[in-house]
Amino acid sequence: MRRAVCPGSFDPVTNGHIDIVSRASALFDEVVVAIGVNKSKASARLFSAEERMEMLREATKGFDNVTVAGFSGLLTTFCQENDIRAIVKGLRAVSDFDYELQMAQMNSSLVDVETVFIPTSPEYSFLASSLVKEVAMFGGDVSALVPPFVLDRLTVRLAEKRAAESAGE
Ligand code: PNS
């Protein structure tokens, strides 16, 4: 059984993530999409771990061999605990490569795990959750970049955030 993990923050999941998960699901028998739920970064997130997991479950429900999980601590510990020997990462551009290579080498020095890089489809090469949030925050149209149910949640959450900020002013 060839099992892989697609790890990330997914705050929120984008069409670029779904593209990588879909291609990983064609390469492996089982794919676990694993959301880092480290408490140290929790305040920087727009969505809670549970919300991010709900959106990912919805986004991946069409793939029979894909499941969604949360993990805290090291990704390599999650891999050991779940008998996973492959980490799948999307590479958008050369700028991603330095850090991803460093993480891949660190992870393989810790446990017996390989990192498999999948080049992002060209239409998503500029796509990042952080940019989606920023563009949406300033009223830009991100409807082509995230699934409709993510767009709905994003719109609501950003309106809540704006209301909270203006109440605090
Ligand atoms: O979507 P992101 O923010 O690029 O995802 C990064 C993530 C969660 C995959 C990465 O930070 C990670 O693996 N975190 C778990 C902690 C860990 O194992 N750190 C050592 C990495 S070498």
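Please read all numbers here as calculations on a predicted model, not as lab measurements. Counting convention: from 1, in listed order, for ligands and their atoms alike.
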| Donor-acceptor pair, D11 side chain versus S129 backbone, under 3.5 Å? | no
| message | If you measure every N or O of T76 against every N or O of ligand 1, does any of those distances drop under 3.5 Å? | response | no
| query | What residue pairs, at least two apart or across chains, pass salt bridge (Lys or Arg N to Asp or Glu O under 4.0 Å) with a residue in residues 17-31? | reply | R3-E30, D19-R23
| Listed by chain and number, what are the ring-ring contact (aromatic ring centres under 6.0 Å, His included) partners of F78, not counting sequence neighbours? | F71
| M106: numbered ligand 1 atoms lying under 4.0 Å from its heavy atoms | 22 (S)
| message | Quick one: does any side-chain atom of R85 pair with a main-chain N or O of D112 as donor and acceptor, under 3.5 Å? | response | yes
| message | For the backbone of E51 and the side chain of S48, can you confirm whether one donor and one acceptor N or O come within less than 3.5 Å of each other? | response | yes
| query | Counting heavy atoms only, which part of N107 comes closer than 4.0 Å to ligand 1: side chain, backbone, both or neither? | reply | side chain
| Selection from F78, F10, F71, Y99 by shortest heavy-atom distance to atom 15 (C) of ligand 1 | F71
| N/O of G36 under 3.5 Å from N/O of ligand 1, yes or no? | no
| said: Check contact between G73 and ligand 1, using heavy atoms of the residue and a distance below 4.0 angstrom. | reply: yes
